Q: 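This is the structure I have questions about; it appears just below.
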Amino acid sequence: MQPTDTPYDLLEQSYELPEGSPVRLELLEKAVRLADSLGDIAAGWDARDTLMEAATMGGYPEKTLVAFGWNLAQFDRVGEQYGWDEDDLLWKYKWVLNSLWNFPSITRTQIEAAFADFQARLERFGYGPRSLYYFRWIYESARGDAEAAEIWRDQWSRARRDGISDCSACEASFVVDYSRDDPEAALEAAKPILNDRLRCAEVPHTTLAAILEPMLKTEQLQPAVSTHLRGYKMIRDNQEFLIAAGQHMAFLAYTHNLPQALELLERHLPWALATADLNRRYSFYRDALVLLRCLRDAGQTHVQLKVPKDFAIQPNLNGLEVAALEAYMLSEATTIAAAFDARNGTDKFTRGLALDEALLATPFVSLELPETESAMKNKPKRKS
Amino acid sequence: MEHRFQVDLRGIIEILSEHLYSGPEVFVRELLQNGVDAITARQQLEGQAFQPSVRLELSTAADGVPVLMFSDTGVGLLEAEVHQFLATIGKSSKRLVGERGTGSSDFIGQFGIGLLSCFVVSNEIVMQTRSARGSGEVVEFRGVPEGSYAVRVVPEAELTAPLEVGSRVTLRAKAGFERFFEADELERLVLHYGALLPFPISLVSAAGEVIVNKDGAVWRREFETPIARKEALLEFGTGVLGREPFDVIDIRTSAGGIDGVALVLPWTPSLAAKPKHVAYLKNMLLDDEAEGIAPDWAFFVRLVVNTNALKPTASREGFSEDAALEAARLEIGAALQTYLGELADSDPERFKALVRLHDLSLKALALENDELFRLFAPRLEFESSSGVVTLPEYRAGLNAVQGSAVYYTRSLDQFRQMARVAGAQGFNILNGGYVYASELLERFAQLNPDVTVERIEADFFAERFEELSVAERNGSFDFLRVLESVLEPFGCGVELLHFKPRELPTLFVTSAQQRFVRSIESAQEVANDLFSGVLENLKVSQPKASALNGQLFVNFSNPLVRRLASLGSSGAVGSVIEVLYVQSLLLAQHPLSSRELQMLTSGLGKLIELGLQTSEVSRATN
């Protein structure tokens with residue numbers, strides 16, 4: 001950054017950086033601060049609009065909420081006068097609706113009020129209700145109210161697609177998540193995504209992780225291995241995909257590839273500790289508990305794992321104690337689950353902590369793929 | 001009763017040629033494709049018992065209209081096949097042999113409008129064809145874009161030019177499309193689509209006859225010496241890139257049956273742009289801006305490759321994401337990694353040049369692959385508070401104060417703010433605020449259990465600041481009270497300490513958490529009730545939520561601060577503190593709230609006033 005840079009110079013520079021990169025987010029935050037210090041409302045809006053994208057796609061949904069609060073208010077104040085596009089606002093509003101429920105401190109009343117406000121704006125700008133039904137469906141399903149979720153799903157399926165509804169790839173990907181208790185249905189819903197007929201910025205990345213468990217449940221072990229190998233690379237470097245990283249880790253644990261699973265735990269634990277999105281942290285801990293249980297079953301009392309310096313459990317001479325790690329994660333996950341359940345008025349999160357004994361009985365599966373033998377052969381040899 | 005749909009042929013062709021394909025020139029591709037498929041079909045029928053070739057002949061009709069005759073020595077068509085394949089959109093002769101039992105994957109055009117694409121440049125398509133399979137008579141197809149065609153058997157005597165087994169298409173230039181009937185343009189297009197085809201394509205025009213593709217793929221040719229081969233590859237790469245590539249890497253995979261080259265770009269590409277590659281399918285150009293063939297991290301190369309087995313997408317602008325593509329990508333990635341590993345070992349200087357050019361690509365790659373991380377990591381450069389260093393240089397240069405730990409800041413701003421303080425304390429810190437820098441350092445720590453790598457926040461050094469002596473503390477009691485009373489309304493704590501460098505009067509320090517809370521508060525200044533409430537709940541849920549927005553360290557070693565302290569609570573001290581506080585916020589790149597902005601204005605106003613008074617006083621006394 002040069003001293004003479006304007007907020008728009010910084011915006012321009014941010015486009016040159018990889019999507020999801022924390023450096024990009026940092027630069028955009030700076031653009032926001034600069035715009036604010038200049039009192040430049042238009043630049044503040046534009047910078048925040050781009051920032052919300054970087055924050056959402058980079059794993060910082062809480063920063064999206066903050067920027068949105070500002071943009072929404074300014075839109076109502078001067079949006080018309082500045083000629084801002086309501087589509088931009090409504091599109092980000094969807095991200096907000098999809099994110100609010102992940103913070104247990106945000107009340108149901110507030111979430112309901114946000115839905116009502118969103119609905120009023122859809123009506124005012126002439127859009128149909130499909131996106132509203134969709135996010136209500138996601139919310140009720142996350143909350144654990146199956147009946148309400150089913151009602152919104154039905155409403156959604158009847159409503160017309162329009163410029164504000166999510167892309168078909170995203171919608172299909174949620175159908176996969178929604179059907180996870182019925183593995184056959186999940187696999188059926190995932191078909192167009194796995195065949196690559198539907199894609200977008202987040203699909204198939206998340207689907208390739210979400211589908212691993214249904215694949216194991218239906219004993220499709222080899223397809224699961226190739227899905228894991230293909231999918232993990234897509235999500236490995238972006239904190240946004242913490243839940244998916246956990247799902248890959250659980251897959252490795254269920255198939256008894258414990259050293260590989262531990263590698264994922266080491267790599268992604270710092271994300272789980274850093275995220276403000278408690279649903280993501282909960283989900284990752286739950287998957288880590290699968291791994292820790294498998295380690296315990298395998299008689300491993302200690303593991304060699306590098307953890308952040310300020311992490312609650314630190315290694316002793318034998319390494320990191322599995323039981324201590326398990327106790328810590330269970331207690332953290334239980335606390336988060338209780339907060340969610342109290343807000344939601346259900347017991348879904350607490351129930352979700354029970355491990356699936358049938359899945360734990362999955363046989364060992366080798367990660368070597370027959371098709372990639374030649375690729376392995378070509379791997380550079382390490383010179384020492 | 002059953003009815004057939006009425007289809008407007010001209011409309012369909014316009015739509016397809018405008019939307020499915022890139023432009024009028026695709027008729028050349030479709031003609032070539034038909035020729036290739038017909039030749040492949042005949043080879044399967046007869047083996048190698050004929051000379052495969054394609055010939056383009058340009059002439060001018062009696063009425064002055066340019067004419068193109070395009071002929072091949074392929075399998076030819078029977079009358080029934082002419083009806084079935086030439087006049088039906090969505091099917092083509094490529095299906096013919098496929099249906100007879102050989103895999104349909106041998107034939108490329110699965111979605112083409114085939115020959116009918118010629119209507120874009122010609123108002124008439126005439127094809128004469130002699131099949132290798134039937135009675136040997138010549139069948140003629142004559143179609144017009146209005147949607148009708150005639151088929152008849154041509155007596156040998158009526159043939160204007162001799163026709164062996166094979167097909168010949170004659171086109172007359174439509175007004176406005178004459179340029180596609182010029183020798184130069186046709187040669188360019190034929191070369192563009194068919195440079196790799198393994199049989200001669202000749203072009204006959206007023207200028208004589210040339211074999212357009214006589215050289216074939218440069219990477220498949222035999223050379224006298226490896227050096228001659230390398231030179232030819234570099235020259236080829238120069239033609240593709242417009243500049244000589246940094247290097248050329250051979251690519252060959254078993255998955256997808258790929259052969260070709262990876263051109264190492266001689267410039268630094270934008271990280272935001274998706275890398276584009278030149279892709280051939282069965283030696284015919286598929287797309288010269290194909291994406292997704294190379295691994296994501298490989299944005300330092302452009303591939304020029306042919307595949308015999310990957311499946312193109314419907315739009316024919318790339319390949320379907322399937323297991324074969326994934327496996328091919330792995331192999332390509334492995335080949336690039338081998339190249340990098342060997343270059344690093346065999347020619348460190350050149351590798352250094354590559355790092356300089358493709359720093360970020362290699363950093364991304366190092367994050368992707370642990371073996372390469374070990375290889376690259378020692379050679380990658382980072383910004384430190386003592387200049388640009390590699391990790392081994394950094395670690396070798398650490399002094400006893402710091403020990404062996406690696407310290408870095410998450411952001412560029414933090415780095416700028418802390419580098420001075422760090423240096424003065426005898427520390428060397430790294431800037432993790434550049435793309436991938438933090439990720440690399442974290443990975444370095446994970447792969448080297450014996451190395452401590454720690455991300456530090458601005459308060460890291462504060463723990464090392466020195467307390468005031470009892471006498472100093474007693475003497476600055478009033479001053480501290482003024483400091484507290486000025487800063488307290490802003491949620492800013494204050495500490496009076498000794499630290500280096502002495503030139504720095506104040507240091508404002510916040511944690512990421514505090515900065516986030518601050519951003520919430522400034523959004524709440526404008527947000528509506530609903531979101532103000534939402535943000536409030538977000539704020540109170542912050543784990544380490546501190547009552548303070550930040551901490552101001554005031555440096556008692558600084559001469560200005562000492563002078564201020566000696567003034568205690570009198571006069572302008574408060575105004576100076578206000579200005580120092582806002583200045584340290586600005587140095588730390590913190591946004592000013594409206595109250596802080598107001599304070600800056602009023603503080604400066606008072607100082608100006610004071611300055612003027614002093615001048616007036618001195619003028620009065622003079």
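Below, chain A is the first sequence line, B the second, and so on; all start at residue 1. These numbers come from a predicted model, not from an experiment.
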Q: Of the listed residues (Ala364(B), Ser532(B), Gly533(B)), which shares the most heavy-atom pairs with chain A below a 4.5 Å separation?
A: Gly533(B)

Q: Quick one about Ser254(B) and Glu331(B) (side-chain donor to acceptor, distance below 3.5 Å, no hydrogens or angles considered), yes or no?
A: yes

Q: Which answer fits Asp117(A), side chain, backbone, both or neither, if we ask what part of it has an atom under 4.5 Å from a heavy atom of chain B?
A: side chain

Q: Determine, for Arg379(B) against Asp359(B), whether the closest basic-nitrogen to carboxylate-oxygen distance falls under 4.0 angstrom.
A: no

Q: Tell me, side chain or backbone of Tyr339(B) under 4.5 Å from chain A's heavy atoms, or both, or neither?
A: neither

Q: Go through the atoms of Val96(A) and report whether side chain, backbone, both or neither lie under 4.5 Å from a heavy atom of chain B.
A: side chain

Q: Check each atom of Ile111(A) against the heavy atoms of chain B and say whether the ones under 4.5 Å are side chain, backbone, both or neither.
A: neither

Q: Please flag which part of Asp370(B) lies under 4.5 Å from any non-hydrogen atom of chain A: side chain, backbone, both or neither.
A: side chain

Q: Hey, is Lys306(A) close enough to Asp450(B) for a salt bridge, meaning N to O under 4.0 Å?
A: no

Q: Select one option (side chain, backbone, both, neither) describing which atoms of Glu62(A) are under 4.5 Å from chain B's heavy atoms.
A: both

Q: Using a 4.5 angstrom heavy-atom cutoff, name the option from Ala73(A), Ser105(A), Ser37(A) with the most pairs to chain B.
A: Ser105(A)

Q: Heavy atoms only, distances under 4.5 angstrom: which of Leu538(B), Asn528(B), Leu586(B) has the most pairs with chain A? Name it, please.
A: Leu538(B)

Q: For the side-chain contact (heavy atoms from CB on, under 4.5 Å) test, which of Leu10(A), Leu11(A), Leu51(A) pairs with Val32(A)?
A: Leu51(A)

Q: Quick one: what part of Tyr15(A) sits under 4.5 Å from any heavy atom of chain B, side chain, backbone, both or neither?
A: backbone

Q: Taking the basic N atoms (NZ, or NE/NH1/NH2) and the acidic carboxylate oxygens, is any pair closer than 4.0 Å for Glu16(A) and Arg24(A)?
A: no

Q: Please classify the contact between Leu72(A) and chain B as side chain, backbone, both or neither, with a heavy-atom cut-off of under 4.5 Å.
A: side chain

Q: Using non-hydrogen atoms and a 4.5 Å limit, figure out which bit of Gln74(A) sits close to chain B: side chain, backbone, both or neither.
A: side chain

Q: Within residues 436-444 of chain B, which positions have a heavy-atom distance to chain A below 4.5 Å?
A: Tyr436(B), Glu439(B), Arg443(B)

Q: Between Glu29(A) and Lys63(A), does any side-chain N to carboxylate O distance fall below 4.0 Å?
A: yes

Q: Would you please classify the geometry between the Tyr93(A) ring and the Phe531(B) ring as parallel, tilted or perpendicular, with 30° and 60° separating the classes?
A: perpendicular

Q: Heavy-atom distances under 4.5 Å only: say whether Ala445(B) touches chain A with side chain, backbone, both or neither.
A: both

Q: Chain A heavy atoms under 4.5 Å from Glu454(B): which part of the residue, side chain, backbone, both or neither?
A: side chain

Q: Do NZ/NE/NH1/NH2 and the carboxylate oxygens of Asp277(A) and Arg281(A) come within less than 4.0 Å?
A: no

Q: Counting N and O atoms only, with roles assigned by atom type, does the side chain of Arg267(A) sit under 3.5 Å from a partner on the main chain of Arg236(A), one being a donor and the other an acceptor?
A: no

Q: Looking at Arg455(B) and Asp310(A), does any basic side-chain N land under 4.0 Å from a carboxylate oxygen?
A: no

Q: Less than 3.5 Å apart, any donor N or O on the side chain of Asn431(B) or Gln414(B) sitting next to an acceptor on the other?
A: no

Q: Would you please test Phe376(B) and His358(B) for ring-ring contact (aromatic ring centres under 6.0 Å, His included) and show each step?
A: CA-CA 12 Å; Phe376(B) 292 174; His358(B) 296 295; over 10 Å; no

Q: Tell me, side chain or backbone of Thr109(A) under 4.5 Å from chain B's heavy atoms, or both, or neither?
A: neither

Q: Would one find more than 12 heavy atoms of other residues, nucleotides or ligands at under 6.0 Å from atom CG of Asp529(B)?
A: no

Q: What part of Pro22(A) gets within 4.5 angstrom of chain B, counting heavy atoms only: side chain, backbone, both, or neither?
A: both

Q: Charged N to carboxylate O below 4.0 Å: is that the case for Glu326(B) and Arg329(B)?
A: yes

